[in-house]
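For clarity, every value in this text was computed on a predicted model and none was experimentally measured.
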Amino acid sequence: MSVLGASAAFTLLTAAERDALAPGVIEAYPVFPTQAAACRDAAAATEVAAVRLPGRADPGAGADRLRDLVARHELLRATLSLPESGRWLQILAAAGPDPEVHDLREAAADDARGRLSALIRAERSARIDPAREPLLRLHVVLEPGGDVVLLAAAHRALADLVDLPTLLCSPAGPPATGTTGHAVCVAAELEAAWDLGGPANWRALADGSPFTLPAAWAPRRGEPAVHHRLPVPIDDLMDGLRGLADAAGVAIDTVLLAAHLRVLGMLTPEPTAHTEARLAATHAGEGCAEPLHSLALPLAVSRGAATWRELVAGVGAEARAAWRYRHSRPEPVRAEAERLAGALFVAHPAEADAPVGETLANGLRVDAWPGRVVLSVHGAAATGPDAERLAAMYRLVLAAMAAGTGAADAHPPDGEVRLVLDTWAAGPVAPHEPVTVVDLLRERAAATPDALAVRGAGIAMTFAELDARSDRLARHLIELGARPEALVGVSLERTADLLPALLGVWKSGAGYLPLDPALPAERLRHMTLAAGCRLVVAGPAQAEALGDLPVRMVLVDRDPAALSAQPDGAPDVRPDPANLAYVIYTSGSTGTPKGVLVQHDGLVNYLRFTLDAYVAAGPGGAPVFSSISFDLGIPNLFAPLLAGQPVHLLPDRLDVAGLGEQLAAGAPYSFIKLTPGHLDLLTHQLDAGQARSLAGIVIAAGDAFTADLARRWLDLAGPGGTRVATEYGPTEITIGNSGEVITAAPATELVPLGDPIPNTTMYVLDEFLRPAPIGVPGEVYIGGAGVSRGYLGRPDLTADRFVPDPYGPPGARLYRSGDLARRLPGGALEFLGRVDNQVKIRGYRVELGEIQACLCRHPGVRDAVVAPRRSAAGDERLVGYVVPAAGWPLDAATLREHLAALLPEYMIPARFVAIDRVPLTPNGKIDVRALPALP
């Protein structure tokens with residue numbers, strides 16, 4: 001049946017359906033395809049909406065207005081019927097529901113508010129049986145002070161089709177004519193259901209997720225949830241906005257919709273997020289004159305465009321396509337919690353009132369009229385300051401559109417940008433002389449030559465001895481070819497030779513490459529060759545593991561004569577602060593680890609920070625118990641020495657079950673830097689007295705640090721006991737870039753990342769390198785003195801991760817960390833996870849792609865995916881999902897043995913699960929969520 005042929009009554013029914021109608025029915029038509037599922041759902045929720053008409057003198061005006069609406073809009077007078085044909089029908093009655101009046105004018109204000117809330121709750125909980133009762137219930141509440149509240153409760157079959165707040169906000173109109181004009185809308189819907197292009201239209205949204213307001217905006221537990229209604233003034237912008245509409249060939253409501261989608265795009269890091277907008281039949285020009293006829297359809301949020309005209313035209317085209325393919329739309333968001341985090345845009349053709357906050361179904365509702373925009377923000381979704389910040393963002397975007405500036409120029413309010421850039425993002429400026437650790441340690445050795453510098457089992461080395469041993473090794477290395485900018489491998493356990501070797505390499509001018517003896521031999525060989533090492537300082541066991549590499553082994557236990565023959569005193573070489581200090585290898589996405597090039601000046605800047613923040617907490621130095629390949633332990637190695645305090649070398653192959661006992665025996669320390677996993681162990685291994693006197697401060701870094709763990713340590717150590725701090729920083733920015741002392745467990749799930757250390761910066765930016773709004777996730781970018789050179793032999797990767805700093809001096813760079821975070825209203829930086837495919841396991845940053853690549857090298861593995869999964873105890877572990885090759889039964893022990901030869905132990909998955917194939921999304925990406933759950 002065509003739209004033009006639907007002007008006569010009952011045209012859309014079959015003969016059998018017409019014959020079965022009861023006498024007196026003036027019109028009937030099938031339900032829309034989008035309504036059919038709701039008709040069949042007996043448990044469909046009842047939608048409730050209300051508007052407040054302020055200060056109306058006539059108490060009967062509200063009821064009259066609702067009766068007029070019912071008389072003018074025949075779809076409000078429809079009931080449902082299910083005849084023998086099996087097709088649900090809408091039956092148009094001559095009269096519709098009559099409003100129930102609740103006169104509360106004599107009640108106390110608090111009592112009236114409570115009774116209105118009770119009415120709303122009762123209507124929401126009262127289900128409507130579409131086969132037995134009207135789809136709509138109406139109420140009028142007369143409030144103290146003269147306000148009138150209009151309230152509507154509707155079955156989903158009607159509420160999906162009619163935006164209830166729009167219904168109640170509709171202005172009074174001419175008397176009803178009794179025509180059957182809505183049949184044209186029904187015919188258009190039935191025709192649209194046959195359009196088969198829908199699935200292709202919605203495919204772009206299939207991989208996305210519904211837009212959600214920033215979680216950080218929600219009130220904290222215990223805070224009152226206050227709803228907010230904020231007008232966005234645009235009267236002065238209308239000429240420019242109308243000009244933009246004309247230039248793009250769209251109506252003004254599409255311009256306002258584009259502004260809304262652009263603001264939402266600024267509030268989410270999800271590139272394929274989508275939201276809902278109420279689109280009306282009148283928008284599509286299908287001949288449907290019913291202004292209430294609309295559907296909430298998903299539209300992609302906007303990440304910007306080259307021009308506002310391009311953006312608006314694109315939104316107009318997307319809206320037209322969404323309406324055309326409305327009957328194959330993805331299922332709308334139904335869960336209340338998800339809706340209260342989401343947003344809805346509704347355009348109105350004429351002036352009307354906005355809904356009462358208590359009945360808001362969405363966290364954000366944007367009502368737009370030709371000259372006015374009003375934001376209704378649910379109290380559970382945002383606090384007052386965040387709601388006001390949101391309104392300011394709408395104003396900024398609309399002003400930019402009216403002025404015709406580039407679409408990418410939309411940004412948070414200027415005051416917020418200045419607060420973020422000038423106050424929160426920059427650490428203190430702390431000028432210092434350009435020196436290296438070598439210079440500082442020479443001064444220390446001269447000042448306190450007889451003080452203890454290194455201690456451990458059978459080890460007691462003074463500063464003078466450390467200085468002399470490292471000088472002799474440096475001279476020997478220089479004779480063998482060590483020079484500035486070269487790399488010398490160091491593969492030693494935690495013995496008396498370790499610190500002289502590291503310092504000796506620096507004194508030769510070279511940088512050191514840590515080669516942890518615990519790593520697989522193949523990985524050590526790869527690192528040595530990739531770094532171009534010609535010299536490796538090693539013990540005999542390590543030399544044997546490195547095999548027949550084309551390098552000169554400097555065996556510390558076999559070259560005593562060569563070392564003793566070197567004259568006393570410092571060599572002539574003096575490393576420059578801009579020279580290479582060391583290379584640390586981290587996990588790489590291609591299956592090959594990548595080396596990070598760190599300079600002396602960045603290292604000195606970080607160590608100077610630790611002198612005040614950590615070493616000054618006591619006189620006992622620090623213990624070393626982590627791998628030299630893990631830069632988290634570098635401050636434990638060098639910072640105590642700069643202050644004249646000893647470094648305590650704990651035994652190699654230390655069983656973590658005995659970590660607490662070892663640390664307690666060596667206490668008290670000035671500081672201990674460790675991972676949150678280590679700190680968690682200590683909360684179980686130490687008693688209150690041991691924790692209290694363990695150190696001046698313990699610093700948890702290298703992994704997510706939970707507020708619960710911080711709370712447990714504070715309780716264990718007690719007031720006046722060992723303090724606890726957090727530190728954050730990727731290897732690429734020289735160990736650490738931010739941190740803070742924790743005096744009380746934070747309200748957030750994870751401990752915030754802290755403030756930038758001196759001479760560094762830390763931003764949360766969007767994809768255009770603009771500051772993300774407060775509370776909005778973005779990627780962490782780090783600048784300043786600690787930014788490393790980049791990656792050894794990887795100019796492509798360096799250019800990708802190290803970008804020009806738009807907020808720093810000429811030539812400055814930012815490191816794009818891949819970490820996701822958001823600024824909280826007070827400035828704290830909350831860590832949210834990884835942007836890419838990297839995860840932290842036991843403090844180590846792991847690229848899942850490297851593990852997958854190594855798994856696929858096994859001949860019995862056809863394909864593989866590695867994903868982090870939380871165990872029953874709550875710790876994160878790696879799981880390898882393997883597609884076995886034909887005829888090969890999965891053997892976990894064989895795979896572990898295979899990976900052990902290629903990867904460090906912490907990168908080997910804890911579990912292996914056989915799967916038939918790697919699940920993919922409709923766009924061909926790996927669907928991690930579809931991987932089988934662990935039993």
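Look at Asp467 and Arg444 and you find no salt bridge, because none of the NZ, NE, NH1 or NH2 atoms lies under 4.0 Å from a carboxylate O.
Checking side-chain atoms of Thr722 against main-chain N and O of Arg692 turns up a donor-acceptor pair under 3.5 Å. The closest donor-acceptor contact from the side chain of Ser788 to the backbone of Glu732 lies under 3.5 Å. Between the side chain of Asp439 and the main chain of Thr436, a donor-acceptor pair closer than 3.5 Å is present. The closest donor-acceptor contact from the side chain of Ser670 to the backbone of Gly618 lies under 3.5 Å. Of the possible donor and acceptor atoms, none in the side chain of Asn737 sits under 3.5 Å from a partner among the backbone N and O of Gly729. Judged by distance alone, with hydrogens and angles left aside, the side-chain atoms of Gln645 form a donor-acceptor pair with the main-chain N or O of Gly621 at under 3.5 Å. At distances below 3.5 Å, not a single donor-acceptor pair connects side-chain atoms of Arg822 with backbone N or O atoms of Val776.
Taking the six-membered ring where the residue is Trp, Tyr807 and Tyr763 present tilted rings, their angle falling between 30° and 60°. Using the six-membered ring where Trp is involved, Phe802 and Tyr791 have ring planes that are perpendicular, over 60° apart on the 30 and 60° scheme.
At a threshold of 4.5 Å between non-hydrogen side-chain atoms, the residues Glu740 and Thr726 count as touching. No side-chain heavy atom of Val764 sits less than 4.5 Å from a side-chain heavy atom of Glu779. Between Val780 and Met762, the closest side-chain pair of non-hydrogen atoms falls below 4.5 Å. Annotation: side chain of Arg712 is in contact with side chain of Asp680 (closest heavy-atom distance under 4.5 Å). Taking 4.5 Å as the limit, every side-chain heavy atom of Leu502 sits out of range of all side-chain heavy atoms of Leu492. Residues Pro756 and Thr761 form no side-chain contact, since every pair of their non-hydrogen atoms from C-beta on lies 4.5 Å or further apart. Val429 has its side chain within reach of Asn759: a pair of non-hydrogen atoms, C-beta onward, lies under 4.5 Å apart. Leu519 places a side-chain heavy atom less than 4.5 Å from the side chain of Met527.
Under the side-chain hydrogen bond (donor to acceptor under 3.5 Å, both in side chains) criterion, Ser738 pairs with no residue, sequence neighbours left out. Listed by chain and number, the residues in a side-chain contact (heavy atoms from CB on, under 4.5 Å) with Ala453 are Phe463, Leu466, Leu641 (sequence neighbours excluded). Residues satisfying the side-chain hydrogen bond (donor to acceptor under 3.5 Å, both in side chains) criterion with Asp755, sequence neighbours excluded, are absent altogether. Glu485 pairs by the side-chain contact (heavy atoms from CB on, under 4.5 Å) definition with Asn579, Leu580, Arg789, not counting sequence neighbours.
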Item to check | Worked check of salt bridge (charged side-chain N to carboxylate O under 4.0 Å, His left out) between Arg794 and Asp800 | outcome: CA-CA 10 Å; Arg794 294 293 305 277; Asp800 178 61; over 6 Å; no
Item to check | Check against side chain to side chain contact (heavy atoms under 4.5 Å, CB included), Thr586 and Lys594 | outcome: CA-CA 5 Å; Thr586 65; Lys594 54 186 185 292; 3.6 Å; yes
Next on the checklist: Show, in sequence, the C-alpha distance, side-chain angles and deciding distance for Thr760 and Ile733, and conclude whether the side chain to side chain contact (heavy atoms under 4.5 Å, CB included) test is met.
Outcome noted: CA-CA 9 Å; Thr760 70; Ile733 56 79; over 6 Å; no
Checklist entry - Checking side chain to side chain donor-acceptor pair (under 3.5 Å) for the pair Asp819/Tyr728: CA distance, chi angles, key distance, verdict? => result CA-CA 11 Å; Asp819 287 334; Tyr728 164 80; 2.6 Å; yes
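The two atoms that bring Leu709 and Pro676 nearest to each other are CD2-O, 3.3 Å, heavy atoms only. Shown here for Gln599 and Pro577, the closest heavy-atom pair between the two residues is CB-O, 4.1 Å. Considering all non-hydrogen atoms of both residues, Pro777 and Leu267 come closest at CD-O, 4.4 Å. For the pair Ile628 and Ile584, the tightest heavy-atom approach, listed with the atom from each and the gap, is O-CD1, 4.0 Å. The two atoms that bring Val537 and Ala501 nearest to each other are CG1-CB, 4.0 Å, heavy atoms only. The heavy-atom pair separating Gly509 from Pro575 by the smallest distance is CA-CB, 4.4 Å.
Here the CG-OG1 distance, from Asp796 to Thr798, works out to 7.5 Å after rounding to the nearest 0.5 Å. Atom CD1 of Ile757 and atom CZ of Arg608 lie 12.5 Å apart (nearest 0.5 Å). Taking CD1 of Ile634 as the start and OG1 of Thr734 as the end, the distance is 8.5 Å to the nearest 0.5 Å. Taking NE2 of His600 as the start and OH of Tyr582 as the end, the distance is 10.5 Å to the nearest 0.5 Å. Here CD1 of Ile782 is found 12.0 Å from CG of Asp805. Values are rounded to the nearest 0.5 Å. Expressed to the nearest 0.5 Å, how far CG of Asn636 lies from CG of Leu674 amounts to 8.0 Å.
The side-chain contact (heavy atoms from CB on, under 4.5 Å) with Lys673 is formed by just one residue from the set Ile697, Ile735, Val624; it is Ile735.
Listed by first and then second residue, the side chain to side chain donor-acceptor pair (under 3.5 Å) pairs involving residues 609-623 are Tyr614-Glu727 (not counting sequence neighbours). For residues 416-426, every residue pair satisfying the salt bridge (charged side-chain N to carboxylate O under 4.0 Å, His left out) rule, not counting sequence neighbours, is listed here: Arg389-Glu416, Arg418-Asp422.
Not less than 6.0 angstrom separates the ring centroid of Trp713 from the ring centroid of Phe705.
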